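Here the structure comes first, spelled out in C-alpha cells, and everything after it is commentary.
From a predicted model like this one, the values you see are computed outputs, not experimental measurements. When a ligand or atom number is given, it counts from 1 through the structure's own listing order. In this chain, residues are counted from 1 in sequence order.
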Amino acid sequence: MKPWETLESANLPDVGELTLVRRGDEYVLRVRGQTLMSSRMHGSEEALAKAGCAGVVTSGTGRVLVGGLGFGYTARAVLDTVGPGVRVSVVELLPTVVAWNRGPHLAPLAGAPLEDKRVTVIEGDVGDVMAHHSATFDAILLDVDNGPSALTHPDNQGLYGLPGLSNAARALRSGGTLAVWSAGPAPAFERRMEKCGFTVEVLHPHAHGTKGPRHVLFIGKLGRSRR
Ligand SMILES: C[S@@+](CC[C@H](N)C(=O)[O-])C[C@H]1O[C@@H](n2cnc3c(N)ncnc32)[C@H](O)[C@@H]1O
C-alpha cells in the first residue's frame, strides 16, 4: 500500500498539529494525528445540507449558516440545494483550513464552494456567530467535530450543551432548522435539542454511497411539528 504523503502541516496554538495528507486520490485532514475528515466519505456531510436546507427557499432570499468548512462538501451541497438569492455564511475556526481550501489540493474536491458569490467566509467560532445573531438564519448546519459526544476540540462542548443550543434557537427564524452531524447516536443531545424548542427527526445516512457505516443527523425544526 502507498504511504501517506504530507501535503501541508501547521502547528496551531490551542489545537496542536494540523496536517493535510494524501494517499492516491484520498485526502485526509488530521488534528493531533486523529482523522477529522476524509475525502473518501462525504455522503453524510452532503445529506446534512440537503436535510437542513429542505425548508430554505429555492427562489427569493434566505440565509444559511454552515459551521465547519472541512473539505467544503457540506457548503457545496448547500449551494447546490438553495436558490441564487440565498446567502450562505461559512464559519471556520482555523484560518489554515480556509487557506488550504483556497489552494490547489482542496479547492477542486468540492468544486471550490468558497468562490461562489453567495458565500461569505467567517474565520472564527460558529458558537460566537450564533450568539451574536437573533432571528437571522433559515438553517444552521453544524459539523464542527465528531459530534456531541466525541470532541476533538474540547471547547466545542458548549455548542452541544443547553447554552449553545439556546443560542442556535435564538439565531434561527421561526420555522428554521438546526441540523447537526454526529459520528454516532447521542440520545441526551436529542433531548437537549427538544428542551430548546426543536422538534427533532433523527436520520442515519450512509457515510459513503449506499453501503458501509452510517452517521447520525439530528434535524431540529423550530416552532413547527414534524411528527
Ligand atoms: C469534520 S470537519 C467539517 C466537514 C465538512 N462538513 C465537509 O463537508 O467537508 C469539521 C470542521 O469544523 C471546524 N471547526 C471545529 N470547531 C469549530 C467551531 N467551533 N467553529 C467553526 N469551525 C469549527 C474544523 O476546523 C473543521 O474544519
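Heavy-atom neighbours of R40 CZ from other residues, nucleotides or ligands within 6.0 Å: at or below the threshold of 12. E5 CD: more than 12 foreign heavy atoms inside a 6.0 Å radius. Remark: H208 NE2 is loosely packed, at most 12 non-hydrogen atoms of other residues, nucleotides or ligands lying under 6.0 Å away.
Of all protein heavy atoms, the one closest to atom 19 (N) of ligand 1 is N156 OD1, 2.9 Å. Distance from atom 12 (O) of ligand 1 to its nearest protein heavy atom, with residue and atom name: G68 CA, 3.2 Å. In this structure, the protein non-hydrogen atom closest to atom 8 (O) of ligand 1 is T74 N, 2.8 Å. Closest to atom 20 (N) of ligand 1 among all protein heavy atoms lies V126 N, 3.0 Å. In terms of protein heavy atoms, atom 1 (C) of ligand 1 is closest to L36 O, 3.3 Å. Protein heavy atom at the shortest distance from atom 14 (N) of ligand 1 is V144 O, 3.7 Å. Of the protein's heavy atoms, F71 N, 2.8 Å lies nearest to atom 9 (O) of ligand 1.
In terms of N/O distances under 3.5 Å, ligand 1 is not approached by V97. The shortest N or O to N or O distance between G70 and ligand 1 is below 3.5 Å. At a 3.5 angstrom cut-off on N or O pairs, L93 counts as close to ligand 1. Polar contact check, D145 against ligand 1: no nitrogen or oxygen pair lies under 3.5 Å apart.
Between the side chain of E92 and the backbone N or O of L69, at least one donor-acceptor pair lies under 3.5 Å. Checked by atom type and distance alone, the side chain of R192 pairs as donor or acceptor with a backbone atom of Y160 at under 3.5 Å. When atom types are taken as modelled, the side chain of R102 and the backbone of A107 share no donor-acceptor pair closer than 3.5 angstrom. Panel note: side chain K50, backbone T81; no donor-acceptor pair is recorded below 3.5 Å. In this structure, the side chain of S9 does not engage the main chain of T19 through any donor-acceptor pair within 3.5 Å.
For the pair L222/T177, no side-chain contact is recorded, criterion being any heavy-atom separation below 4.5 Å from C-beta on. Between L18 and L94, the closest side-chain pair of non-hydrogen atoms falls below 4.5 Å.
Proximity of D143 to ligand 1, defined as any heavy-atom pair under 4.0 Å, is shared by backbone and side chain alike.
Those atoms of ligand 1 that come under 4.0 Å of a heavy atom in V91, given as number and element, are 21 (C), 22 (N). Atoms of ligand 1 found under 4.0 Å from any heavy atom of G124 (numbered from 1 in listed order, with element): 20 (N), 21 (C). Close contacts between ligand 1 and D125 involve ligand atoms 18 (C), 19 (N), 20 (N) [criterion: under 4.0 Å to a heavy atom]. Counting atoms of ligand 1 from 1 in the listed order, those under 4.0 Å from a heavy atom of L94 are 25 (O).
A salt bridge between D138 and R173 is present, with a side-chain N of the basic residue lying under 4.0 Å from a carboxylate O of the acidic one.
Using 4.0 Å as the threshold, G72 has a heavy atom nearer than that to some atom of ligand 1. Heavy atoms of E92 come nearer than 4.0 angstrom to ligand 1 in at least one pair. Taking a 4.0 Å cut-off on heavy atoms, A77 fails to register as neighbouring ligand 1.
No hydrogens or angles considered: a donor-acceptor pair under 3.5 Å links the side chains of E26 and S38.
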